[in-house]
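Report on one structure; see the data block that follows.
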Amino acid sequence: MEAIAYARNQAFDVVLVDTAGRMQDNAPLMTALAKLIAVNMPDLVLFVGEALVGNEAVDQLVKFNQALADHSMSDKPRLIDGIVLTKFDTIDDKVGAAISMTYITGQPIVFVGTGQTYNDLRSLNARAVVSALMKA
């Protein structure tokens with residue numbers, strides 16, 4: 001809440017809240033995350049996953065979304081609004097997992113990470129994904 005208030009006072013457009021360590025199998029942490037979302041009502045809830053792990057990322061995403069629903073106090077729990085995939089430049093033939101993630105959740109891949117800085121976040125290049133699938 002303090003970060004949001006500070007951003008509002010400084011006229012910042014974006015506040016990123018990194019909840020690293022919120023493992024989808026850890027009930028107390030997921031309960032805290034669901035509460036954080038309910039209290040702060042963010043514009044976007046993004047799941048950040050590592051593209052390199054392939055179908056494991058799909059499993060993590062499904063469990064994460066389900067944990068948000070299970071630990072929410074609301075009748076209409078807030079789930080993810082989009083996906084950020086890191087290490088996207090290293091996945092080669094595992095690109096199919098990215099498509100599975102969007103198909104299962106119905107949510108878009110908002111950004112893909114290709115490095116270590118904010119400048120390395122890119123929009124998903126759908127043609128590159130299709131090309132990679134056709135090579136596999």
Check your understanding: Cluster question for you: counting only ILVMFWY and a side-chain heavy-atom cut-off of under 4.5 Å, with indirect links fine, are Val15 and Leu121 together?
Key -> no
List, one per line, each side-chain donor-acceptor pair under 3.5 Å for residues 1-11, sequence neighbours excluded.
from	atom 1	to	atom 2	distance (Å)
Asn9	ND2	Ala5	O	3.4

Check your understanding: So how far is it from Asn65 CG to Arg78 CZ, rounded to the nearest 0.5 Å?
Key -> 11.0 Å
Practice item. Identify whether Ile80 and Val17 are in the same connected component of the hydrophobic contact network (ILVMFWY, side-chain heavy atoms under 4.5 Å). Key: yes
Check your understanding: With a 4.5 Å heavy-atom cut-off, do Leu124 and Phe111 have their side chains touching?
Key -> no
Review point. Where do Ala51 and Leu85 come nearest, in terms of heavy atoms and distance?
Key: CB-CB, 4.1 Å
Point to revise | Met101 side, atom CE; Gln107 side, atom CD - distance, nearest 0.5 Å | key: 12.0 Å
Check your understanding: So how far is it from Met30 CE to Leu36 CG, rounded to the nearest 0.5 Å?
Key -> 11.0 Å
**Study point:** Any donor-acceptor N/O pair, Thr114 side chain to Asp120 backbone, under 3.5 Å
**Key:** yes
Review point. Distance from His71 atom NE2 to Leu29 atom CG, nearest 0.5 Å?
Key: 9.5 Å
**Study point:** Ile83: which of Leu61, Val48, Val110, Leu46 passes side chain to side chain contact (heavy atoms under 4.5 Å, CB included)
**Key:** Leu61
Exercise for review: Using modelled atom types only, decide if a donor and an acceptor are shared between the side chain of Ser72 and the backbone of Ala69 within a distance under 3.5 Å.
Suggested key: no
Review point. Got a sec, which pairs hit ring-ring contact (aromatic ring centres under 6.0 Å, His included) with one end in residues 33-62, sequence neighbours left out?
Key: Phe47-Phe64
Practice item. Check whether Leu79 and Leu33 end up in the same hydrophobic cluster, where Ile, Leu, Val, Met, Phe, Trp and Tyr are linked by side-chain heavy atoms less than 4.5 Å apart. Key: yes
Review point. Do you know the tightest heavy-atom contact between Pro42 and Ile37?
Key: CD-O, 3.4 Å
Exercise for review: Treat each ILVMFWY residue as a node, draw an edge where side-chain heavy atoms are under 4.5 Å apart, and state whether Val58 and Val45 are in one component.
Suggested key: yes
**Study point:** Sequence neighbours excluded - salt bridge (Lys or Arg N to Asp or Glu O under 4.0 Å) pairs with any residue from residues 34-43
**Key:** none
